[in-house]
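Reviewing the structure listed below.
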Amino acid sequence: KLWSLCLSLELFHLFALIHDDIIDKAATRRNVQTSHQFIADTLYKQNHHGDLKHVGEAQAILLGDLVLSWAFRLLEESTSSMEVKEVFQNMIDEVVVGQMLDVELMTRSHVNIHLITQKMLLKTAGYTFIQPLLLGAHLAGANIDTLQFCQSFGRSLGLAFQIQDDLLDIISSTKELGKKVFTDIQDRQHTYFTQYILDHGTDMEKEKLCDLWGKALSEADRPMVMNLFESSGALKF
């Protein structure tokens, strides 16, 4: 039963990542092709016709839906606990709303720290740390103090994890990261680091960041990007 619940959780994570890669237009994850990219490339190699990029994305969406169905099936097999099922449902609600907020914020020129933090809590901290901790705690019959600890500890872990991920997108190489660098800037993602420049940078630094929003950047742009984040103090806040 416990293994079924663990597998259910892993499958849900897989579902979220498959859909997230489509939303982010990501070609690789940890040096491995993303699902939609792999499907599109396979269709191309097999001499299929039509809009293969779109078909690859459509098939990957359906694959994610299928994986989510498997996750629900394993959840039902693993427990009859209403508390556990409620935590699992909350996890799903939060990550979907977090993704919706994430996508919407990419259309804004300016946000604030509160919105960025809310996005990270919903999109990352909840399904990666908080809810899995709560699932285990409920199965163990934990008291209210332990459940509250899971909430606060998971929240801190989740924020730290996302901040580190955002930092690595700036300071790591494509080889080290296993995917393209500077994707946050290219996708107009607001992070603590970009927000620091918008809140505390000089007019020139703010203008430079806004000029980079939405542009495809590569390793060749590293000196320019690093200079912007270092000179503004964004990497030291």
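Because the structure is a prediction, the values reported are computed rather than measured.
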For [X], what residues pass the side chain to side chain donor-acceptor pair (under 3.5 Å) criterion, not counting sequence neighbours?
{"X": "Thr42", "answer": "none"}
{"X": "Gln33", "answer": "Asp41"}
{"X": "Gln164", "answer": "none"}

So does [Y] get a backbone contact from the side chain of [X], meaning a donor-acceptor N/O pair under 3.5 Å?
{"X": "Lys119", "Y": "Leu105", "value": "no"}
{"X": "Ser172", "Y": "Asp169", "value": "no"}
{"X": "Asp187", "Y": "Gln189", "value": "no"}

Asp24 side chain reached by Thr183 side chain, heavy atoms, under 4.5 Å: no
Any Asp20 side-chain heavy atom under 4.5 Å of Gln99 side chain: yes
Can you name the residues that form a salt bridge (charged side-chain N to carboxylate O under 4.0 Å, His left out) with [X], not counting sequence neighbours?
{"X": "Asp21", "answer": "Arg29"}
{"X": "Arg222", "answer": "Glu219"}
{"X": "Glu57", "answer": "Lys53"}

Minimum-distance pair of heavy atoms, taken over all atoms of Ser78 and Ser4: CB-CB, 3.7 Å
